[in-house]
Number of protein chains: 2
Amino acid sequence: MTGMNLVGPEADALDLGAVFRALADEHRRSVMTELAVDRSDSERGCNSFDLPISKQTQTHHFRVLREAGLIDEIDYGNRKGIRLRRADIEKRFPGLLALLGAESPGGTAPR
Amino acid sequence: MTGMNLVGPEADALDLGAVFRALADEHRRSVMTELAVDRSDSERGCNSFDLPISKQTQTHHFRVLREAGLIDEIDYGNRKGIRLRRADIEKRFPGLLALLGAESPGGTAPR
DNA sequence: CTTCAGGTACGACTTGCATCGTACCTGAAG
DNA sequence: CTTCAGGTACGATGCAAGTCGTACCTGAAG
């Protein structure tokens with residue numbers, strides 16, 4: 001089976017409190033900002049975001065993002081994929097990703 | 001002197017991280033939700049939000065909201081006023097207040 | 001003046017959370 | 001098989017933050 005065994009809440013069950021708590025951390029927010037800017041929404045590797053923290057801590061952060069419903073984690077056994085749940089987020093919290101994208105250091109305005 | 005000696009950051013200096021950290025707390029978020037829904041943006045008393053916490057803790061939460069740039073606190077000496085910084089927030093983080101307003105228990109949609 | 005309610009300052013306590021060390025699992029490559 | 005890199009599980013640690021107790025200040029009302 002190819003992945004997706006790690007699941008978060010349904011689109012309608014996304015909790016704004018959990019989302020804000022997830023985005024309160026600088027590292028998690030930088031991940032979400034990168035994802036928000038990349039309009040291709042392609043699956044990304046966990047270490048494509050170079051976070052200055054240990055891999056155990058990265059595991060923790062990605063879990064928080066998944067449990068908040070912001071990303072999907074695709075488990076391949078010895079490798080993991082990350083994908084932004086853009087449609088679900090836009091449906092439940094329209095404009096949130098734009099706020100994150102506007103914070104992109106490259107000045108990558110959503111237009 | 002009529003108030004406003006308590007000041008937060010300038011409109012352009014609002015930090016998304018500080019805002020998310022402020023909104024991560026349930027009590028602070030409930031205050032902001034109430035403020036976001038009330039389009040009159042009139043000055044409100046501190047205990048017009050009935051929070052199930054002591055007054056010292058309320059002082060703490062309002063301070064966090066002010067330092068995040070979300071509200072103004074008007075000091076009258078023995079009384080205090082609270083006012084939402086709607087224009088500044090909308091300018092810097094357009095759509096944020098709509099997200100909060102949509103969480104209002106009364107189903108008070110922003111329009 | 002005294003009384004009283006609203007608010008703050010300081011400190012203590014407790015919980016939550018970010019972080020990492022150690023150990024272990026998984027799958028791919030030799 | 002062994003080796004190795006990516007990832008997880010569990011536990012410990014350190015720090016930030018939410019909460020409240022006590023004491024004090026401020027202004028209004030008697």
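Every heavy atom of this structure was used, including side-chain atoms; hydrogens, water molecules and symmetry mates were not. Proteins get letters first, then strands, A, B, ... in listed order; numbering begins at 1 in each.
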Side chains of [X] and [Y], heavy atoms from C-beta outward: is any pair under 4.5 Å?
X	Y	answer
B:I89	B:L84	yes
A:L100	B:F20	yes
A:F62	A:Q58	yes
B:L70	B:R85	no

query = Can you name the residues that form a side chain to side chain contact (heavy atoms under 4.5 Å, CB included) with A:T59, not counting sequence neighbours?
reply =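 Partners of A:T59 under the side chain to side chain contact (heavy atoms under 4.5 Å, CB included) test: none.
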key: Main-chain N/O of B:L23 paired with B:R28 side-chain donor or acceptor, under 3.5 Å   =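 Checked: no pair found.
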inquiry  = Would the distance check show the side chain of B:S104 and the main-chain N or O of B:G101 forming a donor-acceptor pair, the cut-off being under 3.5 Å?
reply    =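 Checked: no pair found.
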query = So which pairs with a foot in residues 41-52 of chain B pass side chain to side chain donor-acceptor pair (under 3.5 Å), sequence neighbours left out?
reply =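 Every side chain to side chain donor-acceptor pair (under 3.5 Å) pair that includes a residue of residues 41-52 of chain B, provided the two are not neighbours, is B:E34-B:R44, B:S40-B:S42, B:D41-B:R86, B:E43-B:Y76, B:E43-B:R83, B:R44-B:S48.
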Summary of side chain to side chain donor-acceptor pair (under 3.5 Å) pairs that have at least one residue in residues 90-103 of chain B, sequence neighbours excluded =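 Of all non-adjacent pairs touching residues 90-103 of chain B, those that pass side chain to side chain donor-acceptor pair (under 3.5 Å) are A:R92-B:E103, A:E103-B:R92, B:D12-B:K91.
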message = What does the 5'-to-3' dot-bracket notation of DNA chain C look like when only Watson-Crick and G-U wobble pairs under 3.5 Å count, and pairs to other strands show as |?
response = ||||||||||||||||||||||||||||||
Approximate separation, where rounding is to 0.5 Å, of A:T33 OG1 and A:L97 CG =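 Interatomic distance, A:T33 OG1 to A:L97 CG, rounded to 0.5 Å: 9.5 Å.
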inquiry  = Can you see if the side chain of B:T57 gets near the phosphate of D:dT19 - specifically, an N or O under 4.0 Å from OP1 or OP2?
reply    =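 Checking D:dT19 against B:T57, no side-chain N or O comes under 4.0 Å of OP1 or OP2.
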message = Does anything in residues 19-30 of chain A come within less than 4.0 Å of DNA chain C? Heavy atoms only, and list the residues if so.
response = A:D25, A:H27, A:R28
task = Quick one, give me the B/S/- string for nucleotides 6-15 of chain C, reading 5' to 3', where B means a protein heavy atom under 4.0 Å from the base and S means that only happens at the primed atoms, P, OP1 or OP2.
result = BBBB------
task = Whole angstrom is fine here: how far is it from CZ in B:F62 over to P in D:dG18?
result = 14 Å
